[in-house]
Amino acid sequence: MLPDFTSIPYRTARHTPRGSVRRAPWMTPEGTPIKSLYSEADLQELGHLDSLPGLPPFLGGPYATMYTGRPWTVRQYAGFSTAEESNAFYRNALAAGQRGLSVAFDLPTHRGYDSDHERVLGDVGKAGVAVDSVEDMKLLFEGIPLARQSVSMTMNGAVLPVMAFFIVAAEEQGTPLHALRGTIQNDILKEFMVRNTFIYPPGPSMRITRDVIAYCAAHMPRFNSVSVSGYHMHEAGAPADLELAYTLANGLEYVRASLEAGLNIDDFAPRISFFFGIGMHHYMEIAKLRAARCLWARLIKPFAPSNWKSLALRMHCQTSGFSLTAQHPLNNIVRTTAEALAAVFGHTQSLHTNALDEALALPSAPAARIARNTQLFLAEEADVTRAIDPWAGSYFVEALTGKLMQRAWSQLQEIEEAGGMTAAIAQGIPKMRIEAAAARKQARIDSRKDVVVGVNHFRAPGSKPPSDLMTVAHEAVLSQQLQRLNRVRATRGPIVVRQVLDGLRAAAQKPRANLLEWAVRAARARATLGEISQALEQEFGRHEGTVPLAAGAYLAESPGTSQESLALSDHFAALEGRRARILVAKLGQDGHDRGARVIATAFADMGFDVDVGPLFSTPEEVARQAVDNDVHVVGVSSLAGAHAILVPQLVEHLRTLGRPDILVILGGIVPQEDHNALLEQGIAAIFGPGTVVTEAAAQVLRLLLNEHHEPVQR
């Protein structure tokens, strides 16, 4: 007969799991040591545990019943070249089980340019949908009742015209403003830190954010007027403590600006939402989302809200794009699933799952379907919605949450001591911290300290890329967009347009005038996105930001991996009488500069003289800077698909300027089928995702030392 199991002790003083507590702790990128065994003792003196879901500080979620009442909202962030194509994708996705729409706009739209502007012709429709006027917005949602559909729009720099177009499109669809549901990102501060799709300087940009918040509080009570984004910090290289602290610091800045404008905390705080990235550090990501809710409640409590919803942090999450690999793309399904599960365990309110092929190109329809179905499997088959807070009381997760809160609070204090986030951005503090972390991360991957399966560990012969990669017929898209833009201009009333644009410019001079109100008037008159943005640019100017490199961060993390590169660099300097000089450039309107900044930092650590070109440069401008600075190499970083147009133009401009000897190399997301054409047009080398930076530096130096400059492909 078996003994009574209740009498069997589960722990004894002599029993220790073999090999657990004696193992040295693993140090996370946040600087938190992770032990092999956690117990109740690790929860002592943690002040965040006295909480229930639905009650402050919302450790276990903002709602009392969480997913047992309703699962998270399944969203897919998407936009494809034209409004018609995007509309078809949205309608198919809704029919297949998606519950909310998330709109991706193309880069010219983000930067406030109409599609016919000379600076953006290579970017139109490449990384999202082009929206030049109300007519494009109406096509985008044709057949989709906005009164019943939640819509999320990722827009910051050109938030005024895009939000105005959405409002007028809803009006003309017959939807009253008070019925609109959804979210506008409207988080301009993070643009100055990482994503860089800003237009105006920080001061006027903060005023625009405030005006959108005020307009929505007065007219659109069900619409989230700002979505404070940590996702882009995460993708730029911020570890969890920096992403958490800087996201909350941005939110705090928006709260203060709104209060200064005369709003009551309960008028707008319940409609602030947050947006976090989810990476492969599974338990850290769960802890991050739990910590975010607790810290936000702590930050808002001093403002004495009377509505508990003002204290509750609600969030959207997106799985990481940086964690996806071009090698063996099918492995990305597993990565995305693990990340999605962390977001669900952290109690996100909505979720986007990235597609398996996004390290190669824009997501194809089959890959997007798999990504969406991943959420449906978790929600409908995996039983993760049965318990309200399944991680409550976990020694490990609760201890990790407490440690992360402490580290994030310390980072918040640094921002406060700098005078708040706007002042900290002016001093370059957050951008420098994130860039140093990104360089350290790349060094850990290159030195194989951090495992990336199929890239630096467990390598296998490369798999064939998917045959159905998404491609954009750029010439056709551009032609169609220009035709529609010209039609709008030809059929509107030019006098009325001029009057409303003059009124918008005048309103920009009056601090108490609401700029979104004036943008709506301009949208009704069929003013274009570029015209509305230009009217404000005439008053506010267009911002250009520069931040020094995080020198030494790469080499300090991985000092032993750069010996070959350093030796070749010294050899080149001895032969030439000076160091190899490289201009790291971004072409077009792509502001995602993590790769470019990491390369610049790492190459500087490996003995190169490094120039970093301004963002949003044309091929002609980059060629001129390369010649003026007498560089040996131009390194172009590309993520947004415009490489096939812009990089060959750069090569041709260098030839025109009499410097065909300057090598042009290309790195980033470049589909394999583009490689041969680019190499034939004079590109010296192409470095795709997963390239070891030290090996790339050595290869560039060999090219410089080889007078024949044989094309090299990695």
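Side chains are part of it too, since the values below use all heavy atoms of this structure and drop only hydrogens, waters and symmetry mates.
Of the possible donor and acceptor atoms, one in the side chain of Glu235 sits under 3.5 Å from a partner among the backbone N and O of Phe322. At least one donor-acceptor pair under 3.5 Å links the side chain of Gln349 to the backbone N or O of Met315. Side-chain atoms of Asp106 do not come within 3.5 Å of backbone N or O of Ala127 as any donor-acceptor pair. Proximity of a side-chain donor or acceptor of Asn250 to a complementary backbone N or O of Leu189 within less than 3.5 Å is not detected. Between the Lys301 side chain and the Arg298 main chain, no donor and acceptor come within less than 3.5 Å of each other. No donor-acceptor pair closer than 3.5 Å links the side chain of Glu537 to the backbone N or O of Arg542. A donor-acceptor contact shorter than 3.5 Å links the side chain of Glu285 to the backbone of Gly279. With hydrogens and angles ignored, the 3.5 Å screen pairs no side-chain donor or acceptor of Ser227 with any backbone N or O of Ile184. Checking side-chain atoms of Asn332 against main-chain N and O of Leu356 turns up a donor-acceptor pair under 3.5 Å. In terms of modelled atom types and a separation under 3.5 Å, the side chain of Arg314 and the main chain of Pro270 share a donor-acceptor contact.
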**side-chain hydrogen bond (donor to acceptor under 3.5 Å, both in side chains) evaluation trace for Asp132 with Ser115** = CA-CA 7 Å; Asp132 291 318; Ser115 294; 2.8 Å; yes

**Request:** Decide yes or no on ring pair (Phe, Tyr, Trp, His ring centres under 6.0 Å) for Trp296 and Phe274, but give the supporting numbers first.
**Result:** CA-CA 10 Å; Trp296 184 246; Phe274 289 79; 4.8 Å; yes

**Asked** Phe141 and Val151: side chain to side chain contact (heavy atoms under 4.5 Å, CB included), yes or no, with the steps?
**Response** CA-CA 10 Å; Phe141 296 112; Val151 175; 3.7 Å; yes

**Asked** Passes side chain to side chain contact (heavy atoms under 4.5 Å, CB included), His592 versus Arg195? Steps please.
**Response** CA-CA 5 Å; His592 292 86; Arg195 191 162 176 260; 3.7 Å; yes

**Request:** Start with the C-alpha distance between Thr385 and Arg70, add both sets of side-chain angles, then the distance that settles side-chain hydrogen bond (donor to acceptor under 3.5 Å, both in side chains), and finish with yes or no.
**Result:** CA-CA 8 Å; Thr385 62; Arg70 187 177 70 178; over 6 Å; no

**Item:** Verdict with supporting geometry, Asp266 and Arg271, salt bridge (charged side-chain N to carboxylate O under 4.0 Å, His left out)
**Value:** CA-CA 9 Å; Asp266 292 321; Arg271 303 314 303 176; over 6 Å; no

**Message:** Assess the residue pair Arg256 and Glu416 against the criterion (salt bridge (charged side-chain N to carboxylate O under 4.0 Å, His left out)); give the C-alpha distance rounded to whole Å, side-chain angles, the decisive distance to 0.1 Å, and a yes or no.
**Reply:** CA-CA 13 Å; Arg256 289 169 172 162; Glu416 286 296 285; 2.9 Å; yes

**Message:** Quick one, Asn196 with Asp593, criterion side-chain hydrogen bond (donor to acceptor under 3.5 Å, both in side chains). Give me CA distance, side-chain angles, the key distance, then yes/no.
**Reply:** CA-CA 8 Å; Asn196 300 311; Asp593 62 347; 3.3 Å; yes

**Request:** Tell me, with the steps shown, if Leu529 and Ser133 meet side chain to side chain contact (heavy atoms under 4.5 Å, CB included).
**Result:** CA-CA 6 Å; Leu529 177 134; Ser133 73; over 6 Å; no

**Request:** Take Asp187 and Thr209, measure what side chain to side chain contact (heavy atoms under 4.5 Å, CB included) needs, and give me the verdict at the end.
**Result:** CA-CA 7 Å; Asp187 175 16; Thr209 296; over 6 Å; no

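The line from CG of Leu244 to CG of Leu404 is 5.5 Å long, rounded to the nearest 0.5 Å. To the nearest 0.5 Å, atom CG of residue Leu536 and atom CD1 of residue Ile199 are 8.5 Å apart. Atom OG1 of Thr337 is separated from atom CD of Gln375 by 10.0 Å, given to the nearest 0.5 angstrom. Asp241 CG to Tyr246 OH: the interatomic distance, rounded to the nearest 0.5 Å, is 8.5 Å. Going from atom CD of Glu191 over to atom OG of Ser229 covers 8.0 Å, rounded to the nearest 0.5 Å.
Within the 4.5 Å cutoff, no side-chain heavy atoms of Val103 are placed close to those of Met155. Annotation: side chain of Met193 is not in contact with side chain of Met432 (no heavy-atom distance under 4.5 Å). Arg75 places a side-chain heavy atom less than 4.5 Å from the side chain of His316. Here the side chains of Phe165 and Glu135 are not in contact, with every heavy-atom distance at 4.5 Å or above.
Salt bridge annotation for Asp211-Arg512: absent, with no cationic side-chain nitrogen under 4.0 angstrom from a carboxylate oxygen. Between Arg597 and Glu435 there is a salt bridge, with a side-chain nitrogen of the basic residue lying less than 4.0 Å from a carboxylate oxygen of the acidic one. Between Arg524 and Glu517, none of the side-chain N atoms (NZ, or NE/NH1/NH2) sits under 4.0 Å from a carboxylate O, so this pair counts as no salt bridge.
Using cut-offs of 30° and 60° for the angle between ring planes, the Tyr215 and His219 rings count as tilted. The aromatic rings of Tyr67 and His347 lie perpendicular to each other, with more than 60° between the two planes, well past the 30° mark. Note: Phe345 and His282 have perpendicular aromatic rings, judged against thresholds of 30 and 60 degrees for the angle between ring planes.
Note: His543 and Phe198 meet the aromatic proximity criterion, with ring centroids under 6.0 Å apart.
In summary, of the residues considered (Leu378, Thr336, Thr374), a side-chain contact (heavy atoms from CB on, under 4.5 Å) with Leu341 occurs for Leu378 alone.
The shortest non-hydrogen separation linking Ile188 to Ser205 is CG1-CB, 3.5 Å.
With 3.5 Å as the limit, one finds a donor-acceptor pair spanning the side chains of Gln185 and Asn156.
The number of heavy atoms from other shown groups lying within 6.0 Å of OH (Tyr283) does not exceed 12.
For the pair Arg111 and Phe616, the cation sits on the ring face: its NZ or CZ lies under 6.0 Å from the ring centre, inside 45° of the axis.
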